[in-house]
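Have a look at the structure below, then the notes.
Computation of the quantities below employed the complete heavy-atom set of this structure, encompassing side-chain atoms and omitting hydrogens, waters and symmetry-equivalent molecules. Small disclaimer: the values here were computed from a predicted structure and weren't measured.
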Amino acid sequence: MIKHVKSILILGSIFIAITARSQVVVQVNAGSRALWGTNQNLFIDQQGHCQFYLNEVRGTVKDSSSFNIPVSQLVSFLDKAKQVGFFNLKNKYDGGLADGSGIFLSLNNSGQKHYVELLNKDIPEVHELVVELNTILAPHGIKINYGQ
């Protein structure tokens, strides 16, 4: 019984350690906001591990990839977010159209969490961050596009 409890505690500790190391700090969902078209989903954890998915709005995955970026690039990107005032932006900017495109950008910088959602609208701060992100992603053949 004691061996069983020790095993559970060890597995639990490993799970917690793995979960802590893989905390997502950048999340992007960009593309169509209509019932058709494609969406791009990007997740970057604090170690620079990236997961990218290109899928149809109705769910069919067209492409996916997993790769790493240097942590220094991730830190630079998060510093840029602070510099442009991302963490002080409103959560939602709506251009007022029923369909179209948009982006959801969520960042977690050392516990400072914020998200911004644009619908049929662009704002300079988010545009600047997406340009920076696209520079980081270019070597992996990925470009975030939200109809800007």
Side-chain angles (χ1 to χ4, degrees), residues 8 10-148:
I8 290 173
I10 290 170
L11 288 174
S13 297
I14 291 170
F15 175 77
I16 290 169
I18 290 171
T19 302
R21 277 187 269 142
S22 63
Q23 180 182 23
V24 172
V25 294
V26 177
Q27 178 184 354
V28 178
N29 173 276
S32 178
R33 297 302 186 244
L35 295 176
W36 61 90
T38 58
N39 281 321
Q40 298 171 298
N41 290 289
L42 175 70
F43 304 92
I44 305 175
D45 73 19
Q46 61 191 10
Q47 300 299 316
H49 180 71
C50 305
Q51 292 284 330
F52 175 79
Y53 304 94
L54 175 65
N55 57 290
E56 295 289 335
V57 169
R58 298 186 183 257
T60 305
V61 176
K62 296 174 71 172
D63 191 18
S64 66
S65 62
S66 178
F67 54 92
N68 290 304
I69 62 169
V71 172
S72 60
Q73 283 186 320
L74 177 59
V75 169
S76 177
F77 176 75
L78 293 171
D79 287 346
K80 178 83 161 187
K82 284 194 284 189
Q83 177 190 353
V84 301
F86 175 83
F87 294 96
N88 298 318
L89 295 172
K90 295 187 307 185
N91 290 119
K92 191 166 187 173
Y93 296 84
D94 191 339
L97 302 174
D99 291 335
S101 61
I103 187 168
F104 172 87
L105 176 61
S106 175
L107 303 180
N108 180 353
N109 187 13
S110 301
Q112 184 180 19
K113 300 175 185 177
H114 191 68
Y115 76 88
V116 173
E117 183 176 9
L118 305 180
L119 180 60
N120 296 312
K121 188 171 182 76
D122 197 12
I123 60 172
E125 297 88 347
V126 170
H127 181 81
E128 193 171 338
L129 288 176
V130 171
V131 168
E132 179 80 17
L133 191 56
N134 281 338
T135 300
I136 294 168
L137 299 173
H140 305 282
I142 296 170
K143 182 178 181 185
I144 301 298
N145 183 357
Y146 60 102
Q148 69 278 18

Query - Expected output: side-chain Asn134 to main-chain Lys143 donor-acceptor under 3.5 Å - result: no

Report summary line: Here the ring pair (Phe, Tyr, Trp, His ring centres under 6.0 Å) pairs for residues 64-94, sequence neighbours left out, are Phe67-His140, Phe86-His114

Report summary line: On a heavy-atom basis, the closest approach of Val57 and Thr38 is CG2-N, 4.1 Å

Report task. Measure from the side-chain N and O atoms of Asn91 to the backbone N and O of Tyr115, and report whether any donor-acceptor pair falls under 3.5 Å. Result -> yes

Query raised in the report: Sub-3.5 Å donor-acceptor pair from the side chain of Ser101 to the main-chain atoms of Tyr146, do we have one?
Result: yes

Query raised in the report: Excluding sequence neighbours, so at least two apart, what forms side chain to side chain donor-acceptor pair (under 3.5 Å) with Gln51?
Result: His49, Tyr53, Ser66

Requested in this report: Answer yes or no: is there a donor N or O on one side and an acceptor on the other, between the side chain of Gln40 and the main chain of Asn145, under 3.5 Å?
Outcome: yes

Query raised in the report: Rounded to the nearest 0.5 Å, how far does CD1 of Ile103 lie from CG of Leu133?
Result: 8.0 Å

Query - Close side-chain approach of Asn41 to Gln27, heavy-atom, < 4.5 Å - result: no

Report summary line: Residues passing the side chain to side chain donor-acceptor pair (under 3.5 Å) test with Asn108, sequence neighbours excluded, are none

**Report entry** Any side-chain heavy-atom pair of Val75 and Asp79 under 4.5 Å
**Finding:** yes

**Report entry** Residue pair Val126 / Leu89, side-chain heavy-atom distance below 4.5 Å
**Finding:** yes

